[in-house]
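Data first, discussion second: the structure below is written as structure tokens.
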Amino acid sequence: MTPSIEKIDFHGIEAFRLNGPNGASAIISTLGGQVLSWKTQDGRERLYLSEQAVFDGSMPVRGGVPVCFPQFGKEGELPRHGFLRTRRWALNTERCGSDFALLTLAVSDDDASRAVWPHPFQAELTLMIEADRIDIELSITNTGSAPFEFTGALHSYLRLVQVEDAALEGFYGHDYRDAVRGNEIKRDTGTELVVEGEMDRAYFNVRRPQYLKAGNYSLGIQSQGFPDVVVWNPWVERCAELKDMPADGWRQMLCVEAAIVREPVQLPAGEEWYGRQTLVIV
Ligand code: TA6
């Protein structure tokens with residue numbers, strides 16, 4: 001099937017479905033510029049989307065790949081993870097080739113954003129799918145006349161059969177901040193990371209790809225431009241506190257996020273920054 005792109009209604013929001021080669025597909029919503037689905041050529045859904053996600057814009061959609069900007073988490077005065085997750089983005093470009101489909105959504109500052117963060121900017125989210133690979137790129141342009149700094153993430157929710165059977169390699173020797181243990185800084189000394197309880201770790205200055213072994217499939221995870229990687233699973237108690245997550249939702253997900261946490265990006269006036277996360281079935 002020749003790759004194509006179609007506008008769809010996804011839970012009442014305007015979205016686009018990218019139909020890639022050999023039956024691969026992805027869905028991205030104009031609400032939040034958020035990838036909400038990625039299916040590989042075997043038809044299997046690779047991203048977690050909560051059955052209780054809210055799509056009316058009153059809160060971020062729980063799952064897929066939320067775009068966190070200009071602030072990661074609660075690392076500042078803004079709402080957690082910034083304010084782009086509930087903004088309406090607009091189609092910027094789309095194109096298909098024989099073996100890929102690509103689409104870009106864009107959003108920029110307005111009175112509401114400048115009221116909480118006084119900087120002109122343009123954000124673009126580019127999604128590209130091939131047979132068993134997805135590339136998600138965030139670009140930020142400083143369209144103002146003064147420099148600004150930001151943190152953020154592509155907050156990817158990976159779908160798992162059950163998180164207890166998963167193992168994540170690639171962090172050996174890296175320092176991380178453990179938000180579950182009072183933001184203590186530790187050094188990772190294990191060959192693989194397994195989730196056996198609530199996990200909320202920001203690994204700093206990660207230069208290697210990660211390798212997720214998840215029961216009966218393996219995923220390569222690579223980022224460019226994003227210096228840090230955040231690994232999050234709410235486990236039972238935290239999950240129960242999230243009204244947009246089913247009680248057992250924690251079991252089918254693991255967030256592996258391309259992130260800027262420790263060192264904000266400094267962006268001079270007129271300059272562009274970009275960062276990318278690539279997920280590929282291996
Ligand atoms: O990336 C991990 C994290 O910062 C966790 O601390 C948790 O808050 C998670 O993001 C989800 O945040 P959200 O605002 O989407 O509920």
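Atoms within each ligand, like the ligands themselves, are counted from 1 in listed order.
A salt bridge is defined here as a Lys NZ or Arg NE, NH1 or NH2 lying under 4.0 Å from an Asp or Glu carboxylate O, and Arg133 with Glu130 meets this definition.
Residue pairs meeting the salt bridge (Lys or Arg N to Asp or Glu O under 4.0 Å) criterion with at least one member in residues 262-274, sequence neighbours excluded, do not occur.
Between the Asp99 side chain and the Pro21 main chain, no donor and acceptor come within less than 3.5 Å of each other. Side chain of Arg208 to backbone of Tyr172: a donor-acceptor contact under 3.5 angstrom is found.
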Would you tabulate the polar-atom pairs, meaning N/O of ligand 1 against N/O of the protein, with distances under 3.5 Å, reported to 0.1 Å?
from	atom 1	to	atom 2	distance (Å)
ligand 1	1 (O)	His155	NE2	2.9
ligand 1	1 (O)	Glu257	OE1	2.9
ligand 1	1 (O)	Glu257	OE2	2.9
ligand 1	4 (O)	His81	NE2	3.3
ligand 1	6 (O)	Asp200	OD2	2.6
ligand 1	10 (O)	His81	NE2	3.0
ligand 1	10 (O)	His155	NE2	3.0
ligand 1	14 (O)	Arg80	NE	2.8
ligand 1	14 (O)	Arg80	NH2	3.3
ligand 1	14 (O)	Arg85	NH2	3.0
ligand 1	15 (O)	Arg62	NH1	3.2
ligand 1	15 (O)	Arg85	NH1	2.8
ligand 1	16 (O)	Arg62	NH1	3.0
ligand 1	16 (O)	Arg62	NH2	3.0
ligand 1	16 (O)	Arg80	NH2	3.3

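Counted by atom type alone, Asp135 and Thr278 present one or more donor-acceptor pairs between their side chains at under 3.5 Å.
Between Phe121 and Phe83, the angle of the ring planes lies from 30° to 60°, which puts this pair in the tilted group.
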